[in-house]
Amino acid sequence: MAILITGGAGYIGSHTCVRLIESGYDVVVIDNLDNSSAESLRRVEAIVGKKVPFYQNDVRDKDALRRIFTENRIDAVIHFAGLKAVGESAKIPVAYYDNNLISTLYLLEVMAEFDVKRLVFSSSATVYGLSKTMPLVEDMPLGAINPYGRTKYFIEEMLRDLYASDDGWSLALLRYFNPIGAHESGTIGENPRGIPNNLMPYISQVAVGRLPHLNVYGNDYDTVDGTGVRDYIHVVDLAEGHVKAVAWALEHTGCEPFNLGTGKGCSVLQLKDAFEQASGVKIPYVIAPRRPGDPDTVYADASKAKAVLGWEAQRDIAQMCVDTWRWQKNNPNGFES
Ligand code: NAD
Ligand code: UD1
């Protein structure tokens, strides 16, 4: 049973390849390496002790997609490939619409040509926009607030339209909360290009001395200590959610969104403290102005994924910090170390 993984060399894709292979699936990866390195796949191969068939192609290259479906018996697809930086998406929106929307359209066309109608899609909690009601539940109104978020929202709408037109499709829309952490081996993990936008990679780069201090974006939110609260989820839990979603997609038809989060909130300072505890390294910080567009609190109601997929996050914040630190300490410059 082979699963095509678009964006499989990336952060979440590489961890998902490991858990899929360990669960008995064959995987085939397509990635243009725009935001990743072939080294991550070499390390996936070292973890699982098996070669991972890899096509270094863009998902917007339909002929390459056709070649993959011809050369492999693909049963389902997990579509991670895409651009993901919120700030950048406001500066180069056309590149975001081009990459995220066109890649998905072409992928769906080629899947239909080869009669493969099972897809797990990387959506995001960002599709809920600035909802004030927490926890976030799948049937709440959607409304993205930046170009990146709108690409996810538009793709979700496209997939709902597709299912309405043909109920032979199986479409799992996974809305991730805040993925952090790394594989327990410390050999694969998040490897952002340039200065990280997200909190955890920023903290871990301060810890290894690549950055001088953490900027805490606002301490006057209506939260436990005034700093922003998020639902951080271990990337290996997320990977296991994909294994469950693939199993669901292979056995059912439908178009279903699922929140993948822990259901628990953690503030910026709580995460910093947990990281210090895990690493034994002090993280200097300064209070900076709020980052525009940041909500005070975001966390999931993850009960649908538990009820329907049989999935629930297992790893706590301490584990997320220990595993991030092992990866960052062993690879201070990421895969370039
Ligand atoms: P990532 O950048 O590490 O992985 C994405 C991979 O896709 C990269 O390896 C990149 O080279 C590849 N890629 C991009 N465009 C491509 C294209 N047109 N053709 C082929 N390959 C292409 O990102 P990630 O954190 O692993 O995220 C995976 C998916 O999950 C993305 O769709 C992202 O939007 C979504 N997501 C991520 C987060 C997060 O915090 N990491 C949160 C919510 C949703
Ligand atoms: C961001 C994206 C979101 C995306 C998610 C992926 C924005 C506005 N939102 O979410 O669309 O799905 O990443 O993980 O970019 N913080 C600091 N200092 C830092 C970095 C962050 O204090 O250097 C704070 C933020 O204000 C926030 C929390 O840490 O309260 C988490 O931030 P981040 O990791 O960027 O994630 P989100 O903003 O939740």
Side-chain angles (χ1 to χ4, degrees), residues 5-16 29-38 40-41 55-61 64-65 78-90 95-96 98-100 102-104 106-107 121-130 144-146 148-149 151-152 155 174-180 189-193 195-203 205-206 211 213-219 221 223 227-233 235 238-239 242 260 266-269 271-272 285-299:
I5 316 287
T6 79
Y11 173 44
I12 306 171
S14 56
H15 289 80
T16 301
V29 169
I30 174 171
D31 198 304
N32 63 10
L33 303 183
D34 251 23
N35 195 39
S36 53
S37 134
S40 77
L41 289 176
Y55 292 79
Q56 186 178 340
N57 288 109
D58 197 292
V59 181
R60 289 164 293 179
D61 178 348
L65 284 179
I78 306 182
H79 184 33
F80 291 109
L83 302 177
K84 64 163 184 177
V86 171
E88 184 184 65
S89 79
Y96 272 67
D98 182 344
N99 194 337
N100 295 4
I102 305 290
S103 68
T104 310
Y106 285 5
L107 179 65
F121 170 63
S122 294
S123 188
S124 166
T126 192
V127 297
Y128 293 108
L130 287 176
I145 55 157
N146 52 60
Y148 164 71
T151 67
K152 294 294 177 188
I155 293 167
L174 303 186
R175 296 178 181 158
Y176 312 152
F177 281 68
N178 291 56
I180 61 172
E190 190 170 10
N191 185 32
R193 295 238 161 105
I195 295 179
N197 298 307
N198 297 119
L199 179 60
M200 186 54 132
Y202 205 104
I203 291 178
Q205 290 197 12
V206 171
L211 294 166
H213 62 261
L214 170 68
N215 297 298
V216 174
Y217 295 145
N219 66 349
Y221 286 105
T223 61
T227 66
V229 166
R230 296 291 183 275
D231 184 342
Y232 297 97
I233 173 170
V235 67
L238 200 58
H242 288 75
L260 295 188
C266 172
S267 77
V268 174
L269 292 178
L271 190 66
K272 175 198 78 71
Y285 71 94
V286 299
I287 303 297
R290 288 181 177 201
R291 186 170 63 179
D294 271 1
D296 55 3
T297 299
V298 179
Y299 60 94

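We count residues from 1, following the sequence as given. We count ligands from 1, going down the list as the structure has it; atoms in each ligand are counted the same way. Because only heavy atoms are used, hydrogens play no part in the values below, and waters and symmetry mates are left out as well, while side chains stay in. Values in this document were obtained by computation on a predicted structure and should not be read as measured data.
If you check which protein heavy atom lies closest to atom 25 (O) of ligand 1, you get K84 NZ, 2.8 Å. Considering only non-hydrogen protein atoms, atom 10 (O) of ligand 2 sits nearest to N178 ND2, 4.0 Å. Closest protein heavy atom to atom 12 (O) of ligand 2: S124 OG, 3.2 Å. For atom 34 (O) of ligand 1, the closest heavy atom belonging to the protein is Y148 OH, 2.8 Å. Taking atom 26 (O) of ligand 2 as the reference point, the nearest protein heavy-atom neighbour is D294 OD2, 2.6 Å. Protein heavy atom in closest approach to atom 40 (O) of ligand 1: P179 CD, 3.2 Å. Closest to atom 31 (C) of ligand 2 among all protein heavy atoms lies Y232 OH, 3.3 Å. Protein heavy atom closest to atom 32 (O) of ligand 2, with residue, atom name and distance, is R291 NH2, 3.4 Å. From the protein, the heavy atom lying nearest to atom 28 (C) of ligand 1 is F80 O, 3.6 Å. If you check which protein heavy atom lies closest to atom 19 (N) of ligand 1, you get V59 N, 2.9 Å. Nearest protein neighbour of atom 3 (O) of ligand 1, counting heavy atoms only, is Y11 N, 2.8 Å. Scanning all protein heavy atoms for the shortest distance to atom 34 (O) of ligand 2 gives L199 N, 2.8 Å. If you check which protein heavy atom lies closest to atom 4 (O) of ligand 1, you get G10 CA, 3.5 Å. In this structure, the protein non-hydrogen atom closest to atom 8 (C) of ligand 1 is D31 OD2, 3.5 Å. Of the protein's non-hydrogen atoms, R230 NH2, 3.6 Å is the one closest to atom 27 (C) of ligand 2.
Residue Y176 has no N or O atom closer than 3.5 Å to an N or O atom of ligand 1. Distances between N or O atoms of H79 and those of ligand 1 include no value under 3.5 Å. At a 3.5 angstrom cut-off on N or O pairs, L83 does not count as close to ligand 1. The N/O atoms of Y217, backbone and side chain alike, include one that comes under 3.5 Å of an N/O atom in ligand 2. Considering both main-chain and side-chain atoms, S103 never comes within under 3.5 Å of ligand 1 through any nitrogen or oxygen pair. Any N or O atom pair closer than 3.5 Å counts here, and A9 shares no such pair with ligand 1. Checking only distances, Y202 never comes within under 3.5 Å of ligand 2, N or O to N or O. Considering both main-chain and side-chain atoms, S36 comes within under 3.5 Å of ligand 1 through a nitrogen or oxygen pair.
Contacts with ligand 2 closer than 4.0 Å are made by no heavy atom of Y11, backbone or side chain. Residue contacts with ligand 2 for N215 involve N, CA, C or O but no side-chain atom from C-beta outward (heavy atoms, distance under 4.0 Å). Only the backbone of L33 comes within contact range of ligand 1, with a heavy atom under 4.0 Å; no side-chain atom does. Only the backbone of N57 comes within 4.0 Å of ligand 1, judged by heavy-atom distances. When non-hydrogen atoms are compared, ligand 1 lies under 4.0 Å from the side chain of R60 (C-beta onward) but not from its backbone.
For ligand 1, the atoms closer than 4.0 angstrom to any heavy atom of A81 are 7 (O), 13 (N), 16 (C), 21 (N), 22 (C). Taking every non-hydrogen atom of S122 and a distance limit under 4.0 Å, the qualifying atoms of ligand 1 come out as 29 (C), 30 (O), 32 (O), 35 (C). If you number the atoms of ligand 2 from 1 as listed, the ones under 4.0 Å from a heavy atom of T126 come out as 11 (O). Taking a cut-off of under 4.0 Å to the non-hydrogen atoms of S124, the atoms of ligand 1 that pass are 43 (C), 44 (C). For ligand 2, the atoms sitting less than 4.0 Å from at least one non-hydrogen atom of V216 are 22 (O), numbered in the order shown with element in parentheses. Of all the atoms in ligand 1, the ones that sit under 4.0 Å from a non-hydrogen atom of G82 are 7 (O), 13 (N), 14 (C), 15 (N).
For the ligand labelled ligand 1, residue N100 lies outside the 4.0 Å heavy-atom shell. Taking 4.0 Å as the cut-off, T6 does not count as a neighbour of ligand 1 on heavy-atom distance. At least one heavy atom of S123 sits closer than 4.0 Å to an atom of ligand 1. The closest approach between any non-hydrogen atom of R175 and ligand 1 is not below 4.0 Å.
The CG atom of N32 sits 10.5 Å away from atom CG of D61, with the distance rounded to the nearest 0.5 Å. Within the model, atoms CG of N99 and OG1 of T151 stand 9.0 Å from one another, a figure rounded to the nearest 0.5 Å. Between Y11 atom OH and I180 atom CD1 the span is 7.0 Å, to the nearest 0.5 Å. In this structure, CG on N215 lies 4.5 Å from OH on Y202, to the nearest 0.5 angstrom. From S124, atom OG reaches atom CD1 of I155 across 11.0 Å, with rounding to the nearest 0.5 Å. Annotation: the span from H242 atom NE2 to L260 atom CG amounts to 6.5 Å, rounded to 0.5 Å.
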Might you work through the side-chain contact (heavy atoms from CB on, under 4.5 Å) test for L65 and V59, ending with a clear yes or no? CA-CA 7 Å; L65 284 179; V59 181; 4.2 Å; yes
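Side-chain atoms of S40 come within 3.5 Å of backbone N or O of A9 as a donor-acceptor pair. At least one donor-acceptor pair closer than 3.5 Å links the side chain of D31 to the backbone N or O of L33.
Summarising the contacts of atom 15 (N) of ligand 1 with I155, N99, I30, D34, the nearest heavy atom is found in N99. Residue N32 holds the heavy atom nearest to atom 22 (C) of ligand 1 of all those in N35, N32, L107, I12. When the options V127, N197, N146 are ranked by their closest heavy atom to atom 20 (C) of ligand 2, first place goes to N197. Considering only non-hydrogen atoms, atom 4 (C) of ligand 2 lies nearest to V86 out of N219, L211, V86. In this comparison of N198, V268, L269, I195, the heavy atom closest to atom 29 (O) of ligand 2 sits on V268.
For H15 and F80, the ring centers are positioned 6.0 Å apart or more.
Taking the six-membered ring where tryptophan is involved, the planes of Y96 and Y148 are perpendicular, since the angle between them exceeds 60° and thus also 30°.
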